[in-house]
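Heads up: the structure comes next, in structure tokens.
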Amino acid sequence: MPGLELTNVGKAFDNAFAIRDVSLNVGPGELACLLGPSGCGKSTLLRLIAGLEHLDAGSVLYDGVDLRGAEPHTRGFGLMFQDLALFPHMDVFGNLGFGLRMQHLTRSAINARVDELLALVDLAGYARRKVHELSGGERQRVALARSLAPSPKLLMLDEPLGSLDRVLRESLQTQIRAILKQVGVTAIYVTHDRDEAFAIADTIVI
Ligand code: ADP
């Protein structure tokens, strides 16, 4: 099966399993939510997929390729965290262009990609805004655009709306789902909020 395949994945800290025997498939373009209470191992599972932690058991495959030993930056996966702040000293353009400059794209390719991303998150014309001039919801949309900028094969979002109030969260849930579906990216979204999982997901993993 193409996409992400976890088979009997396990991870122990201090000789106790934080994750045991997790098997899961996320197909191409699927939007899966990991739903569970704090401490159940959701973030650890994302870190294992990203390659930020090493597996103690099982396997992680993407499009049939075993990722054991693959460095995080070689996996082509993106991450968006609640506390992964935007660069405060850069404007929106600087934030969105950062990863693209690292990929050595030409200036005109970067300009075109930033325009495309801003249109995607409904922030056309915001390129020269400073981060502190943005509302909370606008910041989250810029953060989402930044995580999508390098066209990740898989995007992982770890409680990205955790710090926002309820009204804003609900409006962003709808927007995030629409944006991820428009891009067609395979995604895993972590939340402890059941309503959020139902608002966002194609598939819910409990
Ligand atoms: P969740 O994201 O669902 O809140 P976590 O994946 O953060 O849960 O944590 C799962 C369990 O693993 C918790 O008991 C946590 O204390 C433990 N844990 C996570 N990271 C570490 C670590 N680096 N060292 C020791 N224990 C850890």
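Every number for a ligand or one of its atoms is a count from 1 in the order of the listing.
In summary, of the residues considered (Asp63, Val60, Leu24), a side-chain contact (heavy atoms from CB on, under 4.5 Å) with Leu4 occurs for Val60 alone.
Heavy-atom contacts from other residues, nucleotides or ligands closer than 6.0 Å to CZ of Arg101 number more than 12. Surrounding CZ of Arg75 are more than 12 heavy atoms belonging to other residues, nucleotides or ligands, all under 6.0 Å away.
At a threshold of 4.0 Å, the pair Arg177-Asp202 counts as salt-bridged, since one of the basic side-chain nitrogens sits closer than that to a carboxylate oxygen.
Protein residues having at least one heavy atom under 4.0 Å from any atom of ligand 1 are Phe13, Ala18, Pro37, Ser38, Gly39, Cys40, Gly41, Lys42, Ser43, Thr44, listed by chain and number.
Across every non-hydrogen atom of Gly64 and Leu61, the tightest pair is O-CD2, 3.7 Å.
The ring pair (Phe, Tyr, Trp, His ring centres under 6.0 Å) pairs that include a residue from residues 95-147 are Phe87-Phe98, where partners are two or more places apart or lie in different chains.
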